[in-house]
Trainee: 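Sharing a structure, written as structure tokens. Questions coming.
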Amino acid sequence: MDKAIIVSNVDMHFNMSKFKIDSIKEYLIKLFKRELMYQDFIALKDISLEIPKGDVFGIVGLNGSGKSTLLKIISGILKPSKGYVKIYGVIAPLIELGAGFDMELTARENIFLNGSVLGFSRQTMKDKFDEIVDFSEMEEFLDVPMKNYSSGMVARIAFAVATITQPDILIVDEILAVGDFRFQQKCEDRINQLMSGGTTVVIVSHSIEQIERLCKHCMWLEHGKIKMIGDKQEVCDAYKNS
Amino acid sequence: MKVFIKNVFKYRYLLEDLTTRDLKVKYRRSLLGILWSVLNPLLMMMVITAVFSSIFKVVENFPIYYLTGSLIFNFFGEATNGALTSILGNSPLIKKVYVPKFIFPLEKTIFAFVNMLFSLLAVIIMFIILRFVPSWTIVFSPFVFLYVLVFSLGVGFFLSAISIFFRDVIHLYSVFLTALMYMTPIIYPESMLESMPAIVSNVIYCNPMYYYVQYFRNVAMYGIVPSLKDNLICIFCALLSLLIGSLVLKKSQNKFILYI
């Protein structure tokens, strides 16, 4: 089967210098005193995985196990310290809601701004505008500055924009947790619909039920290492019993 | 370079949207809106003329002398000052979506350029009020706009990258800009350079802004056709700045996310 994502021997290290240095004075002092030591923090260690096209891949793990770091590496936001990631196709990251929203602007302006952040053309956005508004059910508040929105309302707009075109890969980080149950249902329907259209989905969630419901395969991360990878049921069961 | 152009093309809508966003946010809730870009230089000119025109009597047409100089210099100042914090200011975005980093300083430079075009209206208004007929050489002015645009872009790239690692630059830069302004003959007449101590005038001759301001004044005010040497100096400074700026940005951009 065709691959959508290949992650090969990825390591991610962070310099956890005890004090954040961001002024020249501090830098020179530290350099002089030979205190420029970095505490190396290994967020990910030797991660390799292949996700085939059309798969729905879940990642579970405790807080701080490296899930979000891995997603950021896959979306190209972070560069891995070692190893490489190969992506086949257009990627739509939903790492955090409202990325690229300017809260001073209205929802209408933000939809276009967000669309261009994701690399959609102006014409696509014009064509899809009504569809986005319909999906988010926010037409009443379109011309209200987004700073007056609740987080659930922001989530609706963000999800609607990111999934409006059929991306090859959709990255979903914990965002389905916001929004009321009806909208969550709607998002899941949309994900299912995208999947049947061949989109590869990578989901991070703390809701095991959600992973079990949506995913085909699953990976369990612990302290930056792969603890288990494979069929969703086995992994989820093991994770729940841990 | 090929990737750069491809990315500019791919993200042109983002550039457009960010620029209009900046314009909207800048003039939000001001009655006159974008008119301020025209009014501001005019008001500034009145103040400066009132104060300095009697001191520097040698300068003919002092208002225009000042306006032409400040147009070029203010563009540079605004573009680089905007670029300085452009990447830092967009850190929420950079942390969540992959966007080529150079987009942000580039956008600020374009934004300043749009602003400058409005301020250009102020110069034209003063031409009309003072019945000043510029000579035909003014057709050369797009060249200097292009040179100073490229120059500012390079400086902007450099500053936007360096300010992420050392925030001191942000505080230092406004002082630097003021110093640079005094090192450029904007208020005082160019002829004063000759009476200055050699060390001061030599420093001024090393200031690229001096050549851009002089170039624009020559073509807009004095009707002097720019020589090949003038052009070469301007192009050289612009390309050198762009080269250094983009190299620094390119080398460091993968580390940005760890510092913002």
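Hydrogens, waters and symmetry mates play no part in the numbers below; they use all other heavy atoms, side chains included.
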Trainee: Should we say atom CE of B/Met44 is surrounded by more than 12 heavy atoms from elsewhere, each under 6.0 Å from it?
Mentor: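 Atom CE in B/Met44 is not packed in, count stays at 12 or less.
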Trainee: Under 3.5 Å, is there a donor-acceptor pair between the side chain of B/Ser252 and the main chain of B/Ala161?
Mentor: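 No, B/Ser252 side chain to B/Ala161 backbone: no donor-acceptor pair under 3.5 Å.
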Trainee: Does any heavy atom of chain A fall under 4.5 Å from the side chain of B/Ile103, the backbone, both, or neither of them?
Mentor: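 Neither the backbone nor the side chain of B/Ile103 comes within 4.5 Å of chain A.
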Trainee: With a 4.5 angstrom heavy-atom cut-off, could you sort out which part of B/Lys24 is near chain A: side chain, backbone, both or neither?
Mentor: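 Side chain of B/Lys24 only, per the 4.5 Å heavy-atom cut-off to chain A.
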Trainee: Let me check something: any side-chain donor-acceptor pairs from residues 115-122 of chain B under 3.5 Å, sequence neighbours excluded? List them with distances.
Mentor:
| from | atom 1 | to | atom 2 | distance (Å) |
| --- | --- | --- | --- | --- |
| B/Asn115 | OD1 | B/Ser37 | OG | 2.4 |
| B/Asn115 | ND2 | B/Glu78 | OE2 | 2.9 |
| B/Ser119 | OG | B/Ser37 | O | 3.1 |
| B/Ser119 | OG | B/Asn115 | O | 3.1 |

Trainee: Mind ranking A/Lys79, A/Glu109, A/Arg122 by heavy-atom pairs under 4.5 Å with chain B and telling me who comes out on top?
Mentor: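 Highest number of heavy-atom pairs under 4.5 Å: A/Arg122.
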Trainee: Has the side chain of A/Lys67 got a donor or acceptor atom that lies under 3.5 Å from a matching backbone atom of A/Leu62?
Mentor: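 Yes, A/Lys67 side chain to A/Leu62 backbone: donor-acceptor pair under 3.5 Å.
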